[in-house]
A.B. asks: 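Okay, handing you the structure first.
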Amino acid sequence: MKPCISPNRVAEIACRFSEFKSVNPLPLKVENVCKTYTVKNGSLVHAVKDVSLEIHPGEILGLLGPNGAGKTTVISMITSLESIDQGEIQVFGHSLKTATLKAKQKLGVVPQEIVSHGFFSLKEVLTFHSGYYGIWNNQDRIQFLLKKLGLDSHQNKMVKQLSGGMKRRFMIAKALLHKPGLILLDEPTAGVDIQLRTSMWEFVKELRKEGVAILLTTHYLAEAEELCDRVAIIDKGKIKFQGPTGNIIRELTRKKFEVELKSAYTGADLSGLAKASSGHIISVEMKSNKLFAVVDSQLSLGDFLFHLNLQLADIMDIKTQEGNLEDAFLAVLEGKNKSPQAAL
Amino acid sequence: MMVPFLSLLNREIRRFLRVIVQTIVTPLVSSCLYLFIFGVSLGDKVQINAGYTYLAFLIPGLMMMTLINNSFQNSSSSIVTSKFTGELEDLRVVPLSSQAILWALGFGAVVRGTFVATITFLVGSIFFYFQKGFVLGVAHPFELIFFMIFSGLVFGFLGLAAAFWAKSFDQLGAVNAFILLPLTYLGGVFISIEHLHPILQIFTRMNPLFYIINGARHAVIGVSDVDIGTSIAVVSFSVFVFYWVALWSLRKGSFARWS
Ligand SMILES: Nc1ncnc2c1ncn2[C@@H]1O[C@H](COP(=O)(O)OP(=O)(O)O)[C@@H](O)[C@H]1O
Ligand SMILES: [Mg+2]
């Protein structure tokens, strides 16, 4: 049989594909950026060291890390608030160094700190802000966003009269006026009540559906786990781990099994199990009629029972606990490849 | 392309209109006091050449004094309050070019300065009418427009630059109190250079505000201590210098908020 695609055709497709890529550059590409602050006493703070990140359209990337890890500094470099000491940042293919305004035009930012506006109402600020993006009449979008964020009844109030949670929502509206393809959210839910937080996340998910790329920093790991397609874990200015959220959890965490037996366990030698399972079983302990085991997250319950040579008839009850992002996060921060799991 | 600039200019103008009482009433009251104390009460005792009353001599000087003060205030307080609220960070994040920011703040300052100077002129004219029984005209209207716009730009740019480098409200206040105010008072607002001690005359001639104030005086009453061409040259050169100073401040200064 003849091959259906000739080598020429393959080359042509490859060429098309690279064209496609240059026509549709990534929403965000951060390459090897570094940032050092000089503090008042003259000492240097290496806030960000050799950080690289990528975000694709319709993807939420969680930038996670403890306080002072460098998250805000990374965001500040993307928003031009801080200069980039080394490396390169591109927004939709526009370099921040050479095409700053074009890059800014594609970018929406919700900063960590609340921005107030002393003299103006919500509607006025949103009108001016649209203007900065070159949109003279943006009333439809303004009304849409105010409504969406539950602020339409406050639109003629002064921004300074809003409560903290409303100011946050207002900042989100401000960041979305020009329909940016990339949104940076720096701890948007810090200090926000649960109800509002939930509705904010729903909104973020809607944006993702529209194909917007989102960079999010948070220290609520449960939220990050639910929301982020990929996470990057940063500590002391360095990216320690980057990948799909599921992979990180699978690779870095362990599962826990608690098996209650009808009578005391008399099967295999427990201490030899780790070896016998080629490392998949990390530890097994026996306490009265219960077996407590910590296993590799790839090991299935069935395989586990097989290794222990247990029959279903022997078993009263089984409890399992999967690892979560928090475990993976702690594992990364502790610098270990696998986390020792806390007791059930 | 003009939309970002016009939006920021619009914001600047509305910002000072929001505090209209503060912006208009304060200079209005102080101008009235000066006009009353110097122009009306002392007026007959002060010698003025060329047959002009002291009041007429005083009016353009006071106009420029309020213009300088208000244009400086407009851009500097805009930047400083934005540092306080975090709005300055917003300005950095949005696609506004340095040029757009510079000219929007510059023209915002021109609008406020011109506005307040015009009010000062009107108040002065009322005093003048009551004293002399006829209306004080403007000898060279285009010259006046030129001096109001160009001086407004100079002090708008200066205010922008000072506010960018200021680390606190106090530092900005110091620029105003120790540099701008003395230069204004010693710039020939109240007295003609001929009546000064020769040494003071030399200092006065080194003060750029002297040329600005006398330029406006020429525009309004047609007489001046200096050649009008020199005044025009000094103001134009100042716009050029402070444009670069302000641009440099925008590029090198910090947009970070005060915490
Ligand atoms: N303007 C600054 N000057 C000096 N040091 C700074 C500045 N901003 C941040 N840092 C330092 O850089 C590090 C990273 O801070 P940041 O990016 O704010 O962390 P995060 O947002 O992850 O909590 C911290 O050690 C912080 O103290
Ligand atoms: Mg932060």
A.B. asks: Less than 4.5 Å apart, side chain to side chain, heavy atoms only: is that true for B:R92 and A:K104?
C.D. replies: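 The answer is yes, as the side chains (C-beta and beyond) meet within the 4.5 Å cut-off.
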A.B. asks: How about A:D140: does its CG atom have over 12 heavy atoms from other parts shown lying under 6.0 Å from it?
C.D. replies: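 Open: at most 12 neighbouring heavy atoms sit under 6.0 Å from CG of A:D140.
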A.B. asks: Which pairs of donor and acceptor atoms, one on a side chain in residues 147-154 of chain B, lie under 3.5 Å apart (sequence neighbours left out)?
C.D. replies:
| residue | atom | partner | partner atom | Å |
| --- | --- | --- | --- | --- |
| B:S151 | OG | B:F147 | O | 2.4 |

A.B. asks: What's the shortest heavy-atom distance between A:G118 and B:E87, and which atoms?
C.D. replies: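 Nearest heavy atoms, A:G118 then B:E87: N-OE1, 4.1 Å.
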A.B. asks: Tell me whether B:W258 at atom CH2 has more than 12 heavy atoms from other residues, nucleotides or ligands lying less than 6.0 Å away.
C.D. replies: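 Yes, the 6.0 Å shell around CH2 holds more than 12 heavy atoms from other groups.
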A.B. asks: Just wondering, more than 12 heavy atoms not from A:K160 lying within 6.0 Å of its NZ?
C.D. replies: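 No, because the 6.0 Å sphere around NZ of A:K160 holds 12 heavy atoms or fewer from other groups.
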A.B. asks: Side-chain contact test, heavy atoms from C-beta onward, threshold under 4.5 Å: evaluate it for B:F255 versus A:S80 and give yes or no.
C.D. replies: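 Result no, sub-4.5 Å side-chain heavy-atom pair not found.
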A.B. asks: Can you tell me if A:K49 has over 12 outside heavy atoms packed within less than 6.0 Å of its NZ?
C.D. replies: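 Result for NZ/A:K49: enclosed.
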A.B. asks: Using only non-hydrogen atoms and a strict under-4.5 angstrom cutoff, which residues of residues 166-181 of chain A touch chain B?
C.D. replies: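 Listed by number, the contacting residues are A:K174.
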A.B. asks: Does the distance from a Lys or Arg side-chain N to an Asp or Glu carboxylate O, for A:E124 and B:R18, drop under 4.0 Å?
C.D. replies: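 Yes.
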A.B. asks: Mind checking the CZ-CG spacing from A:F128 to B:L8? Nearest 0.5 Å is all I need.
C.D. replies: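 Nearest 0.5 Å value for the CZ-CG distance: 9.5 Å.
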A.B. asks: State, to 0.1 Å, how close A:H129 and B:D90 come at their nearest heavy-atom pair, and which atoms those are.
C.D. replies: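 Result for this residue pair: CE1-OD2, 3.7 Å.
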A.B. asks: Flag yes if more than 12 heavy atoms outside B:F84 fall under 6.0 Å of its CZ atom; otherwise flag no.
C.D. replies: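 No, because the 6.0 Å sphere around CZ of B:F84 holds 12 heavy atoms or fewer from other groups.
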A.B. asks: Step through the shown structure and confirm whether more than 12 heavy atoms of other residues, nucleotides or ligands are within 6.0 Å of CZ on B:F240.
C.D. replies: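 No - once you tally the heavy atoms of other residues, nucleotides and ligands closer than 6.0 Å, there are 12 at most.
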A.B. asks: Taking the side chain as every heavy atom from C-beta outward, state whether B:V3 and A:Y133 have any pair of such atoms under 4.5 Å apart.
C.D. replies: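 Answer no - side chains too far apart.
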A.B. asks: More than 12 non-hydrogen atoms from neighbouring residues, nucleotides or ligands closer than 6.0 Å to NZ on A:K106, yes or no?
C.D. replies: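 No - once you tally the heavy atoms of other residues, nucleotides and ligands closer than 6.0 Å, there are 12 at most.
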A.B. asks: Could you walk me through whether A:Q105 and B:V94 satisfy the side-chain contact (heavy atoms from CB on, under 4.5 Å) test, starting with their C-alpha distance in whole Å, then the side-chain angles of each, then the deciding distance to 0.1 Å, before giving a yes or no?
C.D. replies: CA-CA 7 Å; A:Q105 188 74 37; B:V94 299; over 6 Å; no
A.B. asks: Run the side-chain contact (heavy atoms from CB on, under 4.5 Å) check on A:W136 and B:S7 step by step: do they pass?
C.D. replies: CA-CA 8 Å; A:W136 189 248; B:S7 298; 3.7 Å; yes
A.B. asks: Let me know if B:R14 has heavy atoms under 4.5 Å from chain A in its side chain, its backbone, both or neither.
C.D. replies: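 Its backbone and side chain both get close to chain A.
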A.B. asks: When only pairs under 4.5 Å are counted, which of A:L101, A:I135, A:I78, A:L107 shares the most heavy-atom pairs with chain B?
C.D. replies: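 Of A:L101, A:I135, A:I78, A:L107, A:L101 has the most heavy-atom pairs under 4.5 Å with chain B.
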A.B. asks: Give the C-alpha distance, both sets of side-chain angles, the deciding distance and a yes or no for side-chain contact (heavy atoms from CB on, under 4.5 Å) between A:F119 and B:R11.
C.D. replies: CA-CA 10 Å; A:F119 298 95; B:R11 175 190 180 272; 5.7 Å; no
